[in-house]
Amino acid sequence: MATCYLALDAGTTSCRTLVFSQDGRLAGMAQKELTQYFPQPGWVEHDPEEILDCQFSTLKEALRSAGVEASHIAAAGITNQRETVVAWDGRTGRSLHKAIVWQDRRTVEICNALKSEGLEPYIRENTGLVADAYFSATKMHWLLHHAGAVSEAANRNTLRFGTVDAWLLWHLTRGQVYATDISNAARTLLFNLHTKDWDDVLLRRLGMQRAWLPEIIPSIGFSGFIHPDFLGRSIPITGVAGDQQAALFGHGATRPGMVKNTFGTGCFMLMNTGQRPVSSRFGLLTTVAWQKGADVTYALEGSVFIAGAAIQWLRDGLNLIKHAGESEVLARSVNDNGGVYMVPAFAGLGAPYWDMEARGLISGLTRGTTRAHIVRAALESMAYQTWDILDCMQKDAGFPLQDLSVDGGATANSFLMQFLAGLLQIPVKRPAMQEMTAFGAARMAAEGIHQTLPMQDNGLEIFQPAMPASEAQQLLEGWRQAIRRTVKT
Ligand code: ADP
């Protein structure tokens, strides 16, 4: 009896395979680290062959750790680091160059050229993104012009470009499937949100051909079989999505107005906006959440650069705390922030301020300020920054926020969760599931075979707003003052 789902999670720093039982429990997993290459300042690469080895070596081990056979696996899902580009040869299946990773900044110049040609409004309107090196298209352009093997394959017409999902799909199906899921396609800067196809204007400008790009397929539904070479029998792949979109699905944020925030080093927030792409007036990104059958669900995406990283800085930069968990004890040891606000603009400020020159600030210091107030201000800053992005999302989408689902390392802090619920005046839901991205991919895989993978709700904690709305307003006013002191006017 097939009673489990497999999730292949090809992340930036590691590849993992996770096994979920049909009641939504994590039954087993295996993980392997991925080598990071930094050939020049600002450049980040991965070895595509290592991605395959790393990912595939965890398959059998995950099954072993869960104590299940391949025959127990009903379907598999794939989720992956987004935007990273692999180029390979369609005849041999071998990569032609190292993968250029999403963090890589080598294509800033070509992005500036696109801007100076006046293409930015077109890009924003049609792809939902901005002309930034983060996205895949300019990385492909760079490979075409700087990697001999890539341009030779282009001349032979055997070139295949893809994001990591496409690279894995190709190899898992032994070259039978050359496809990418729509949520990954939407991060390339070549995908047109309105036609739901590759965009001819951008293809032409970047010297790209459709033949070098994968077919765009729905995230949920059958996309191919994992070849029996891997686990001894064919396993259908029925869910594929980029990591943030998979996490949104994992949280069960399937209705418009539902939002998830992943609190890690930074924050990644996605809001389900339903069946229409919503363009942002505040510099948020418009993206595809997922597609099932003909139905495409869209999302607004925003990020906070410094979230948990502010706590790391308290620990490593200021030596105010010994470990992240101590921040909760200290924050609770004072009644309030004592008028102290921290704006952790260590790397500039994103939405809605967009001031890349801004730098951090701690305001409101008095003789009565203690280290507890400063630690508390750092934690509170994560909540204020979340509020700022959610406010933009709400204004853009016209949907009231229903609730906020959270995951990521900093959600271990219950003080922060309770403070956030009060500030936002909505419930904050913290599931026990720590592997939301992989769980989302498994959930999609289940849905792809018309099954449901439930989230175990024992362990789900819901933080109800306990702060009066007037107090939330007052705190936000203090935050805005601190922001005014931080940004250029
Ligand atoms: P990433 O995936 O970005 O590496 P994680 O989801 O692993 O991040 O979360 C790690 C971050 O969470 C760190 O920046 C750390 O400072 C923060 N963090 C961990 N525990 C706590 C805590 N109890 N309170 C506040 N922040 C925490």
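No experiment lies behind these values; they were computed from the predicted model shown. Counting starts at 1 for both ligands and their atoms, in listed order.
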For ligand 1, which atoms, with element, lie under 4.0 Å from some heavy atom of [X]?
{"X": "Gly264", "value": "3 (O), 5 (P), 6 (O), 8 (O), 9 (O), 11 (C)"}
{"X": "Ala309", "value": "14 (O)"}
{"X": "Gly408", "value": "6 (O)"}
{"X": "Gln312", "value": "13 (C), 14 (O), 16 (O)"}
{"X": "Gly325", "value": "23 (N)"}

Side-chain H-bond candidate by donor/acceptor type, Asp243 with Thr437, under 3.5 Å: no
For the residue pair Ser219 and Gln245, confirm or rule out a side-chain donor-acceptor distance under 3.5 Å. no
Q) Do other residues, nucleotides or ligands put more than 12 heavy atoms under 6.0 Å from the CD atom of Glu109? A) no
Check: Is the number of heavy atoms from other residues, nucleotides or ligands within 6.0 Å of CZ (Arg255) greater than 12?
Finding: no
Within the 4.0 Å heavy-atom cut-off, what Ser327 brings close to ligand 1 is side chain
Protein heavy atom under 4.0 angstrom of atom 2 (O) of ligand 1, is there one? no
Salt bridge present between [X] and [Y] (N-O < 4.0 angstrom):
{"X": "Glu61", "Y": "Lys32", "answer": "no"}
{"X": "Arg443", "Y": "Glu447", "answer": "no"}
{"X": "Asp132", "Y": "Arg105", "answer": "yes"}
{"X": "Glu380", "Y": "Arg376", "answer": "yes"}

Which class fits the ring pair Trp167 and His171: parallel under 30°, tilted 30 to 60°, perpendicular over 60°? perpendicular
Would you mind checking which non-hydrogen protein atom is closest to [atom], with the distance to 0.1 Å?
{"atom": "atom 10 (C) of ligand 1", "value": "Gly409 CA, 4.2 Å"}
{"atom": "atom 24 (N) of ligand 1", "value": "Asn413 ND2, 3.1 Å"}
{"atom": "atom 4 (O) of ligand 1", "value": "Thr265 OG1, 3.6 Å"}
{"atom": "atom 26 (N) of ligand 1", "value": "Ala410 CB, 3.6 Å"}
{"atom": "atom 21 (C) of ligand 1", "value": "Ala324 CB, 3.5 Å"}
{"atom": "atom 15 (C) of ligand 1", "value": "Gly308 O, 3.9 Å"}

Check this for me - ligand 1, Leu379, N or O atoms closer than 3.5 angstrom, yes or no?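 N/O-N/O distance below 3.5 Å does not exist for this pair.
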